[in-house]
Amino acid sequence: MCGIVGYIGSKKATPFLLEGLTCLEYRGYDSAGIATIEDNKIEVKKDKGRVKNLYDLDGIDSLVGTVGIAHTRWATHGKPSKDNSHPHLDNSGTFSVVHNGIIENHNELRNFLISKGYSFASQTDTEVIPNLIHYYFNNGENIGDNKFLSAVKQAVSDLKGSYAIVVMSPLFKDELIVARKDSPLVIGTSNGENFIASDIPALLSHSKNFYLLDDNEFAVVCKDKIKFYDINLTEHRKGIKNIEWDATETGKNGFEDYMLKEIFEQPNSIRETIGSRLKLGENCYFDDLEISEEFLHNINQIYIVACGTAMHAGLIGKTILENLCKIPTTVEIASEFRYRNPLIDEKTLCIYISQSGETADTIAALKLAKSKGATTIAISNVISSSITREADYSIYTHAGPEIAVASTKAYTSQVVLIAILAIHFAEILNSYEQEKLEALKADILDLPSKIENILADTSKIKNFADKVYTEKDMFFLGRGIDYAVALEGSLKLKEISYIHSEAYAAGELKHGPIALIENNVTVIGIITEPDLVDKTCSNLQEVITRGAKTLIVTNMQLENNCFDFVIDIPEINHLLSPILSVVPLQLLSYYISKNKGLDVDKPRNLAKSVTVE
Ligand code: M6R
C-alpha cells in the first residue's frame with residue numbers, strides 16, 4: 001500500500017528519491033518523506049500530504065548525500081501526520097527505516113522495547129523496526145560477519161505480518177539493507193549505482209536490469225555490488241531479470257490523466273493480451289500453461305478468486321468458462337475465501353486474478369488453495385509479481401503499466417484473457433462446437449476496433465456526465481453478464497466520483513431496493529443479453545414509473561424506447577459484450593469526477609496496490 005525507494009551511488013540521492021516517490025505515489029499519498037546521510041548523520045524531511053509538498057520543505061535542497069531512502073504512505077496505523085510519516089528513526093538516530101506492509105504484533109514489540117527503555121514518537125507499527133534493529137545491534141548475537149545485517153535479521157525475525165523494508169545507517173554509509181515478506185521490493189542495478197523500489201516502473205528510466213527480492217530474503221546493496229542472503233543469512237547468487245518495458249509507457253502521453261490515457265489504450269492493450277495466443281483456424285495457445293489434458297478432463301470445479309475490479313472480471317470469466325467448458329465455476333472475494341475453509345481438493349482448479357499481483361488477500365487465498373492440493377493459475381499484469389511466483393502457472397495480461405488507481409485497461413484485458421483461456425480449455429475438452437468457438441475468436445479479434453469505435457465519439461457520455469455530476473445517488477441495473485458490468489460501473493463511479501451508487505441484478509430490484517427510487521434519481525441500465533432484453537426493459541420501466549431518469553448502454557434495437565439517454569455500442573457475442581459495455585461506464589465516472597474537480601488518478605482513501613489485509 002505504501003511506496004518505498006532507495007538509492008546508493010555517487011550522485012545526489014534526493015532527485016532520484018523524489019522522482020521515484022512521484023512514480024510510486026499511486027500506492028499511497030497521504031504523507032511522504034525522505035532521509036539521506038549527511039555528514040555522518042541521518043537527515044530526515046517528511047510531512048503530511050502529497051509528494052509534491054516535499055519539494056517545498058525547508059532544507060530539502062541542501063541534501064547532498066549519495067545514499068538515501070524515501071516513502072509515500074497510505075496510512076494504516078496512525079493518522080496521516082508528520083510524526084507518522086516515514087522514514088522512521090530509532091531513538092538514537094542511528095537506523096532509519098522505510099516500510100511497506102503491516103506489523104501485526106507491533107503492540108507487543110512496542111511494550112517489549114518500552115520495557116528496555118525505548119520511547120516512541122509516532123503511532124505507527126513501523127517505528128518498532130528501527131528500534132528493534134538498534135536493540136539487536138547492541139544486545140543481539142552476531143550472525144555472520146556483517147553486524148548491521150545481523151541486527152536487521154534478528155529484528156525482522158520478531159515481526160509478524162508483512163514487510164518490505166529498506167534500512168540505512170550512517171555507521172554503514174556504503175550500504176543499504178533490504179528485506180521482504182509478503183510485500184513487493186525490487187532492486188534496479190546500473191553502473192556504479194543501485195536503486196530500490198516497490199515496483200519496476202518507478203525505476204525504468206534508470207535501469208532495465210532487476211533483482212526481484214523473494215520472501216524472507218535479504219540483500220546488502222552497495223553502489224557497485226549487491227549480495228543476497230537467505231533467512232539464515234547464508235549468501236546465495238541471484239538471477240537478474242531484464243525488463244523490456246519502455247519508460248515512456250508510464251508517462252501520460254498528452255492525456256490529462258492516467259485514467260483517461262488507460263481507457264484510450266484499451267484497443268492496444270487488448271491487442272497485446274491477444275498476442276499470438278489466438279488466431280483464426282488454429283487452436284489457442286498458451287506457452288507457459290502446461291496443464292495436462294487428464295487434469296482438465298477431471299476438474300470437479302473451478303474457483304476464481306480476486307478482489308474489487310479483478311473479481312468483477314472473474315464474474316464474467318465464470319459465465320464464459322461455464323458456457324464453453326461446462327465446468328461449475330464459483331467466483332469468490334479473496335478476503336472471504338481465505339478464511340472460510342472452502343471445499344478444495346486435487347481436482348480443483350483455482351484461478352487468481354490480480355492486476356498488480358501483490359494483493360495480500362489474493363496471495364493468501366492462493367496459498368490456501370495450494371496447501372489443499374488445488375492446481376493454481378495466476379492471471380496478472382505484472383511479470384514476476386508475488387502472485388505469479390506462488391502459482392503453479394501464470395499467464396499475463398500484457399496490458400502495460402496501469403497507473404491510475406481505478407482499474408480500466410487491466411479489467412478488459414483480464415476478461416479477454418479468461419475468454420481465450422476458456423476457448424483453450426474448450427478446445428482440449430471438446431466441450432463446445434468448433435464453429436461457435438471460431439466465431440468467438442473472430443469476435444475477440446474484432447474487440448480492439450470496436451472499442452476504437454466507442455472511443456471515437458465520447459460527447460454523448462460527456463453530456464450526460466455534465467447533467468448528473470452533482471447527484472448524490474445512482475443505480476446500475478443489469479441481468480446475467482450485464483449485472484457483472486453494472487457492479488463494475490458502480491464501483492468505478494464510487495471510487496473516483498464519491499457518488500454513492502448501488503448495482504443490482506435488475507430482477508432483484510422489486511425485492512427491496514426499489515424503495516430507494518425517487519423522482520429524478522439516475523438509473524443506468526446495461527442491456528446486451530439477447531434473451532433477457534425484455535425482462536431488463538420491464539425492470540427499467542418500473543423505475544421510470546417511479547420518476548427515475550435512465551441512461552442505457554446497449555447493443556440492441558430497443559422497441560418502444562422510453563429511455564432518456566441511450567448509448568449504442570457495437571454488436572458482439574454477448575459473452576464478450578462486457579468488454580465493450582464497460583467502456584462508456586468508465587468514461588462516465590471519469591467525466592463526472594473531472595466535473596467535480598476531483599483527483600481522478602488518486603482518489604481519496606485508496607491505493608493502487610493493496611498489499612495489506
Ligand atoms: O491488483 P489487483 O487487481 O489485485 O487489485 C484488486 C483491487 O484492489 C482493484 O481491482 C481495485 O478494486 C481497483 N481500485 C478498482 O478500480
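- In E571, the CD atom is not crowded: 12 or fewer heavy atoms of neighbouring residues, nucleotides or ligands sit closer than 6.0 Å.
- No side-chain donor-acceptor contact under 3.5 Å links Y590 and T408.
- When the shell of 6.0 Å around NZ of K326 is examined, it contains more than 12 heavy atoms from other residues, nucleotides or ligands.
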Could you check K549 against T522 for side-chain hydrogen bond (donor to acceptor under 3.5 Å, both in side chains), going step by step and ending with a plain yes or no?
CA-CA 5 Å; K549 69 173 168 302; T522 292; 3.2 Å; yes
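- Within a 6.0 Å sphere centred on CG of L343, heavy atoms belonging to other residues, nucleotides or ligands number 12 at most.
- In this structure, CD1 in I327 is found 11.0 Å from OG1 in T348, a value given to the nearest 0.5 Å.
- Nearest heavy atoms, A410 versus Q355: CB-CG, 3.3 Å.
- The pair E265-K409 counts as a salt bridge, with a side-chain nitrogen and a carboxylate oxygen less than 4.0 angstrom apart.
- For the atom pair CZ (F425) and CG (L324), the distance works out to 11.5 Å, reported to the nearest 0.5 Å.
- Here the side chain of N100 pairs a donor or acceptor atom with the backbone of C2 at under 3.5 angstrom.
- Counting only distance, with no hydrogens or angles, the side chain of E542 and the backbone of K510 share no donor-acceptor pair below 3.5 Å.
- Nearest heavy-atom pair, Y352 versus T376, reported as atom, atom and distance to 0.1 Å: CE1-CG2, 3.9 Å.
- A donor-acceptor contact shorter than 3.5 Å is absent between the side chain of D443 and the backbone of I572.
- If you take CD1 on I527 and OG1 on T536, they are separated by 5.5 Å, rounding to the nearest 0.5 Å.
- Looking at N463 and Y591, their side chains never come closer than 4.5 Å, going by heavy atoms from C-beta outward.
- More than 12 heavy atoms of other residues, nucleotides or ligands shown are found within 6.0 angstrom of NZ on K494.
- Taking all atoms of both residues into account, the shortest heavy-atom contact from E427 to C284 is OE1-N, 2.7 Å.
- For the pair D30 (side chain) and P80 (backbone), a donor-acceptor distance under 3.5 Å is absent.
- Side-chain contact between Y469 and S497 is absent, with no heavy-atom pair separated by less than 4.5 Å.
- The shortest side-chain heavy-atom distance between N605 and Y498 does not fall under the 4.5 Å cut-off.
- The pair E452-R271 meets the salt-bridge criterion, with a side-chain N (NZ, NE, NH1 or NH2) lying under 4.0 Å from an Asp/Glu carboxylate O.
- Using modelled atom types, one side-chain atom of E438 and one backbone atom of G281 make a donor-acceptor pair closer than 3.5 Å.
- Separation of atoms SG (C350) and CD1 (I344) is listed at 4.5 Å; rounding is to 0.5 Å.
- Proximity of L455 to P267: side-chain heavy atoms (C-beta onward) are separated by under 4.5 Å at one or more points.
- For the atom pair CD1 (I444) and CG (L440), the distance works out to 5.0 Å, reported to the nearest 0.5 Å.
- Under 3.5 Å, the side chains of S380 and S385 contain a donor-acceptor pair of N or O atoms.
- Note: L321 CG to I423 CD1 = 10.5 Å, rounded to the nearest 0.5 Å.
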Let me see the working for I481 and V485 under side chain to side chain contact (heavy atoms under 4.5 Å, CB included), right down to the final yes or no.
CA-CA 7 Å; I481 214 159; V485 178; 5.7 Å; no
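- Annotation for E433: atom CD counts as buried by contact number, over 12 foreign heavy atoms lying within 6.0 Å.
- A donor-acceptor pair under 3.5 Å is absent between the side-chain atoms of T388 and the main chain of S394, judged by distance alone.
- Each of I454, V582, V583 was scored for a side-chain contact (heavy atoms from CB on, under 4.5 Å) with I569, with one residue passing: I454.
- Using a cut-off of 4.0 Å between Lys/Arg side-chain N and Asp/Glu carboxylate O, E488 and K492 are scored as salt-bridged.
- Across all non-hydrogen atoms, the minimal contact from A548 to V523 is CB-CG2, 3.7 Å.
- Contact record, V305 with T362: O-CG2, 4.0 Å, taken as the closest heavy-atom pair.
- Judged by distance alone, the side chains of Y393 and T375 never bring a donor and an acceptor atom under 3.5 Å apart.
- Checked against S407 for a side-chain contact (heavy atoms from CB on, under 4.5 Å), the options E495, H312, E402, M259 give a single hit: E402.
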Show your working on side chain to side chain contact (heavy atoms under 4.5 Å, CB included) between I428 and I291 and close with a plain yes or no.
CA-CA 11 Å; I428 296 171; I291 293 193; over 6 Å; no
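- The aromatic rings of F475 and H500 lie perpendicular to each other, with more than 60° between the two planes, well past the 30° mark.
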Could you walk me through whether Y29 and D601 pass the side chain to side chain contact (heavy atoms under 4.5 Å, CB included) test, one step at a time?
CA-CA 11 Å; Y29 32 85; D601 288 334; over 6 Å; no
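- In this structure the side chain of I544 reaches within 4.5 angstrom of the side chain of F563, judged on heavy atoms.
- Inter-residue side-chain proximity for K261 and I403 is flagged as unmet; no heavy-atom pair is nearer than 4.5 Å.
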Pair I387, T359 - check side chain to side chain contact (heavy atoms under 4.5 Å, CB included), show working.
CA-CA 8 Å; I387 194 170; T359 301; over 6 Å; no
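- Within the 3.5 Å criterion, the main-chain N or O of D446 finds a donor-acceptor partner in the side chain of S449.
- Defined by atom type and a distance below 3.5 Å, a donor-acceptor pair is missing between the side-chain atoms of T528 and N555.
- The side-chain contact (heavy atoms from CB on, under 4.5 Å) with T550 is formed by just one residue from the set I524, V566, L477, D564; it is D564.
- Between I333 and D361, the closest side-chain pair of non-hydrogen atoms is not below 4.5 Å.
- A salt bridge is defined here as a Lys NZ or Arg NE, NH1 or NH2 lying under 4.0 Å from an Asp or Glu carboxylate O, and R50 with D599 meets this definition.
- Residues S198 and E358 have side chains that never bring a donor and an acceptor to within less than 3.5 angstrom of each other.
- A donor-acceptor pair under 3.5 Å is formed between the side chain of T273 and the backbone N or O of S269.
- I395 has its side chain out of reach of I420: every pair of non-hydrogen atoms, C-beta onward, lies at least 4.5 Å apart.
- For K535, the NZ atom sits in a loose shell: 12 or fewer heavy atoms of surrounding residues, nucleotides or ligands are nearer than 6.0 Å.
- Q301 places no side-chain N or O within 3.5 Å of a backbone atom of P328 that could act as its donor or acceptor partner.
- At least one donor-acceptor pair closer than 3.5 Å links the side chain of D482 to the backbone N or O of E529.
- Closest of all the heavy-atom pairs between I418 and G317 is CG2-CA, 3.6 Å.
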